[in-house]
Amino acid sequence: MSHFLFIAGTLRERSSGESASLQLSHGLWGCCTALIRDNLTTYLTPDSHALIYVLKVGICADVTITSPVLHLQQMDELLRDDFKTEARFGFVRVTLNTQWESTPQQSHAVLQAVLQISDQAELSRRLSLGMHRLTNEEYAAIVAALQ
């Protein structure tokens, strides 16, 4: 089983927090790169979850992924224009399970411990990719540490 850590970055149009809130309010998460789309297509399972990491905020949500990767053209036409940056390579439907408050420092400490990445630069590099694949054990350990 695969789970994911999605990272919401700052865009020209809106902040990372605004982007995450907007996507979650519409029950979707966009694939902003081909790498994210390809990895989701390859590793997504029917019971996959994702944690949402908002840059400068920390890990703030847990979602269930409820669809395969969909093409941007499958999105409602009115939403398509709003999400042209976040979902230019497709999107998945999501259901929000839990929200909590975290800080970037707390989130980094949890991720470094659970993912066993001692180098801060390496963790930052991985977060800059926009998504990180998690095992079932890593996902459970991160959720437990944040509650």
Do you reckon F89 sits in the same ILVMFWY cluster as I65, going by side-chain contacts under 4.5 Å, direct or chained?
no
Do the side chains of H132 and L127 get nearer than 4.5 Å, heavy atoms only?
no
Closer than 4.0 angstrom, basic N to acidic O: yes or no for E122 and R125?
yes
Among all residues two or more places apart in sequence or in another chain, which pass the side chain to side chain donor-acceptor pair (under 3.5 Å) test with S19?
Q23, E86
Taking side chain to side chain donor-acceptor pair (under 3.5 Å) as the definition, give me every residue that meets it alongside T95, ordered by chain and number, with sequence neighbours left out.
none
Can you tell me how far CG of L115 sits from OG1 of T135, rounded to the nearest 0.5 angstrom?
8.5 Å
Flag yes if L55 and V57 sit in one hydrophobic cluster, no otherwise; membership is Ile, Leu, Val, Met, Phe, Trp, Tyr, and two members link when side-chain heavy atoms are under 4.5 Å apart.
no
Closer than 3.5 angstrom, by distance alone: can the side chain of S107 be matched with the main-chain N or O of G58 as a donor-acceptor pair?
no
Residues 139-146 side chain polar contacts: donor-acceptor under 3.5 Å, at least two apart:
residue : atom : partner : partner atom : Å
Y139    : OH   : H49     : ND1          : 3.0
Y139    : OH   : D62     : OD1          : 2.8
Y139    : OH   : D62     : OD2          : 3.0

Working to the nearest 0.5 angstrom, can you tell me the gap between D82 CG and R80 CZ?
12.0 Å
Spatial distance of atom OG (S102) from atom CD (Q147) [nearest 0.5 Å]
12.0 Å
The criterion is side chain to side chain donor-acceptor pair (under 3.5 Å); which residues satisfy it with H26, sequence neighbours excluded?
none
May I ask whether F6 and L11 are part of the same hydrophobic cluster, defined by side-chain heavy atoms of I, L, V, M, F, W, Y residues being less than 4.5 angstrom apart, directly or through others?
no
Can you name the residues that form a side chain to side chain donor-acceptor pair (under 3.5 Å) with S48, not counting sequence neighbours?
T45
Work out which heavy atom in V92 is nearest to a heavy atom in L44; give both atom names and the distance.
CG1-CD2, 4.4 Å
Student check: side-chain heavy atoms of K56 and S15 closer than 4.5 Å:
no
Judged by atom type as modelled, is there a donor-acceptor pair below 3.5 Å linking the side chain of Q112 to the main-chain atoms of S118?
yes
Heavy-atom check, side chain of F4 versus side chain of L134, under 4.5 Å:
no
Is R133 close enough and on-axis enough to Y43, meaning under 6.0 Å and within 45°, for cation-pi?
yes
Looking only at atom types and distance, does a side-chain atom of S25 sit under 3.5 Å from a main-chain N or O of L22, one as donor and one as acceptor?
yes
Would you give the length of the straight line joining atom CG of L72 to atom CE of M75, rounded to the nearest 0.5 angstrom?
5.5 Å
same_hphob_cluster(V110, W100) at 4.5 Å side-chain heavy-atom cutoff:
yes
Check: T85 main-chain N/O paired with R88 side-chain donor or acceptor under 3.5 Å:
yes
When every non-hydrogen atom of I52 is compared with those of A20, the smallest separation belongs to CG2-CB, 4.3 Å
Atom CD of residue position Q120 - does it have more than 12 heavy atoms of other residues, nucleotides or ligands inside 6.0 Å?
yes
Under the side chain to side chain contact (heavy atoms under 4.5 Å, CB included) test against I59, which residue among V54, I7, L111 passes?
L111
Show which side-chain atoms of residues 28-39 pair as donor or acceptor with protein atoms under 3.5 Å away, not counting sequence neighbours.
residue : atom : partner : partner atom : Å
T33     : OG1  : I36     : N            : 3.1
N39     : ND2  : L35     : O            : 3.4

With hydrophobic residues grouped by side-chain heavy-atom distances under 4.5 Å, do M131 and L24 end up in a single group?
yes
Does the side chain of N136 reach to within under 4.5 Å of the side chain of H3, using non-hydrogen atoms?
yes
Do Y53 and P104 come within less than 4.5 Å of each other through their side chains, counting heavy atoms only?
yes
